[in-house]
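Below is one structure; the comments refer to it alone.
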Amino acid sequence: MQTNLADFIKDTPQGREAEAILRKCVHCGFCTATCPTYQLLGDELDSPRGRIYLMKQVLEGAPATAKTQLHLDRCLTCRSCETTCPSGVQYGRLLDIGRSIVDEQVGRGPAASTMRKALRAVIPHASRFAPLLKLGQLARPLLFGALKRKMPATARATPWPASSHSRKMLVLEGCAQPSLSPNTNAATARVLDRLGITLIRAAQAGCCGAVSYHLNAQDEGLDYMRRNIDAWWPHIEAGAEAVVMTASGCGAMVAEYGHLLAHDAAYADKAARVSALMKDISQVIAAEKDKVRALLHSSLITHRSSLITRSSRPPA
Ligand code: SF4
Ligand code: SF4
């Protein structure tokens, strides 16, 4: 795609990055096939290609409008479109740049600003999110309609294995997940324990930074990233093999740490190392497939033997 970026942005690091991304896009529209908002709304401006076009216009000097902001806001930042783009367009990076410029130009009303501040003040902080969620869950029987449907039922945590193996991996605890789905990481720890891997929770780590970063508070998001790196680093130096993700959105963010902190001399190398160590749990399991097969095989044999024993007992 040909570009002609406006003076206000073209010689900035953001402008150069946006231009390089825009130039890769060939308008083919393959990405629309995997975009949930386009599938749901059927509007080209709610597709990745349409949003890229809107951002290009703004970066080339056309004034952003509330409509531009609305179509960018509707993007879920799921980055599903990147998986089907044959040209390797880094849509997620472009969106971060586009959103910050559109927000600067269009601004936000008091209600939207308060809502966004409230989200940033609560969600990334497990100690604030957990009691508020609990309160909502206690009030669930009194709620009705959509509010009741959106309030998740209470989930109880299952045990975390106590064993210690020489192979170790870190897990991102995250911010909302421990309250909403406390079993996810515990179940992951039990599966990895069976594979001879200890899963470590680093006490000081928390939100991956995506909530703030995608709500256009980039500096705040970068601080969460630095805090996680500081919490993980002693374990990485001690030999942790991977930083395991059980929430794909967080994984996508951690994969970007190296890129986003590349200009921070104190963290650039560590961030790149953390991104290289980031593994989705499905990747970890796939890499251990021989052990998984052997475990499944032995538990099938045990199960079959117990069935045979039971069926060969004389009736009481
Ligand atoms: S990030 Fe997700 S919602 Fe946004 S354009 Fe890409 S596929 Fe669509
Ligand atoms: S698939 Fe990639 S190259 Fe094609 S329109 Fe979408 S972003 Fe552009």
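This one's a predicted model, so the numbers in the text were calculated from it and none came from an experiment. Order of listing sets the numbers, starting from 1, for every ligand and every atom in it.
- Side chains of D96 and Q218: no donor on one and acceptor on the other come within 3.5 Å.
- Residue-level proximity to ligand 2 for T32 is absent, since no heavy atom of it falls below 4.0 angstrom.
- E19 and R16 are not joined by a salt bridge, as no carboxylate oxygen comes within less than 4.0 angstrom of a charged side-chain nitrogen.
- None of the N, O or S atoms belonging to C25 lies under 2.8 Å away from atom 2 (Fe) of ligand 2.
- Residue contacts with ligand 2, taken as heavy atom pairs separated by less than 4.0 Å, involve C28 via backbone and side-chain atoms alike.
- Atom NZ of residue K148 and atom CZ of residue R140 lie 6.5 Å apart, to the nearest 0.5 angstrom.
- With a 4.0 Å heavy-atom cut-off, ligand 1 is reached by no atom of L95.
- A donor atom on one side chain and an acceptor atom on the other are found under 3.5 Å apart for E17 and H259.
- Close approach of ligand 2 to C85 is summarised as follows: ligand atoms under 4.0 Å from at least one heavy atom of the residue are 1 (S), 2 (Fe), 3 (S), 7 (S).
- R227 forms no cation-pi arrangement with W232, by the criterion of a distance under 6.0 Å to the ring centre and an angle within 45° of the ring axis.
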Assess whether salt bridge (charged side-chain N to carboxylate O under 4.0 Å, His left out) is satisfied between R167 and D193, documenting all intermediate values. CA-CA 10 Å; R167 292 187 66 192; D193 181 45; over 6 Å; no
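- Listed by number with element, the atoms of ligand 2 under 4.0 Å from a non-hydrogen atom of G29 are 4 (Fe), 5 (S).
- Taking every heavy atom of P86 and a limit of under 4.0 angstrom, the matching atoms of ligand 2 come to 1 (S).
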Start with the C-alpha distance between T3 and R23, add both sets of side-chain angles, then the distance that settles side-chain hydrogen bond (donor to acceptor under 3.5 Å, both in side chains), and finish with yes or no. CA-CA 7 Å; T3 53; R23 286 192 171 175; 3.0 Å; yes
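- Contacts between Y91 and ligand 1, counted as non-hydrogen atom pairs separated by less than 4.0 Å, involve the side chain only.
- Protein heavy atom at the shortest distance from atom 1 (S) of ligand 1 is R79 N, 3.0 Å.
- For ligand 2, the atoms lying closer than 4.0 Å to a non-hydrogen atom of V26 are 3 (S), 8 (Fe).
- Looking at every heavy atom in both residues, R99 comes nearest to L72 through NH2-O, 2.8 Å.
- Annotation for ligand 1: atoms under 4.0 Å from non-hydrogen atoms of P48 are 5 (S).
- In this structure, S87 has a heavy atom closer than 4.0 Å to ligand 2.
- Among protein heavy atoms, the minimum distance from atom 6 (Fe) of ligand 2 is reached at C31 SG, 2.3 Å.
- Heavy-atom proximity to C35, at under 4.0 Å, picks out these atoms of ligand 1: 3 (S), 5 (S), 7 (S), 8 (Fe).
- Within 6.0 Å of atom CE in M151, more than 12 heavy atoms from other residues, nucleotides or ligands are found, so the atom counts as buried in its surroundings.
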Start with the C-alpha gap between N185 and T246, add the side-chain angles, then the distance that decides, and say whether side-chain hydrogen bond (donor to acceptor under 3.5 Å, both in side chains) holds. CA-CA 7 Å; N185 281 353; T246 54; 2.6 Å; yes
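- Residue-ligand proximity, I52 to ligand 2, at heavy-atom distances under 4.0 Å covers atoms 7 (S).
- Residues V26 and L22 are members of separate hydrophobic clusters, defined by side-chain heavy-atom contacts under 4.5 angstrom among Ile, Leu, Val, Met, Phe, Trp and Tyr.
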Under the side-chain hydrogen bond (donor to acceptor under 3.5 Å, both in side chains) criterion, do N183 and T158 qualify, and how do the steps go? CA-CA 6 Å; N183 288 339; T158 46; 3.2 Å; yes
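- Scanning the protein heavy atoms around atom 5 (S) of ligand 1, the nearest turns out to be R51 NH1, 3.1 Å.
- Regarding atom 3 (S) of ligand 1, its nearest protein heavy-atom neighbour is L76 N, 3.4 Å.
- Remark: minimum distance from atom 2 (Fe) of ligand 1 to any protein heavy atom is reached at C78 SG, 2.2 Å.
- Not close to ligand 2: G88, with no non-hydrogen atom less than 4.0 angstrom away.
- Closest heavy-atom approach to atom 7 (S) of ligand 1 among the candidates C81, C75, A33, S47: C81.
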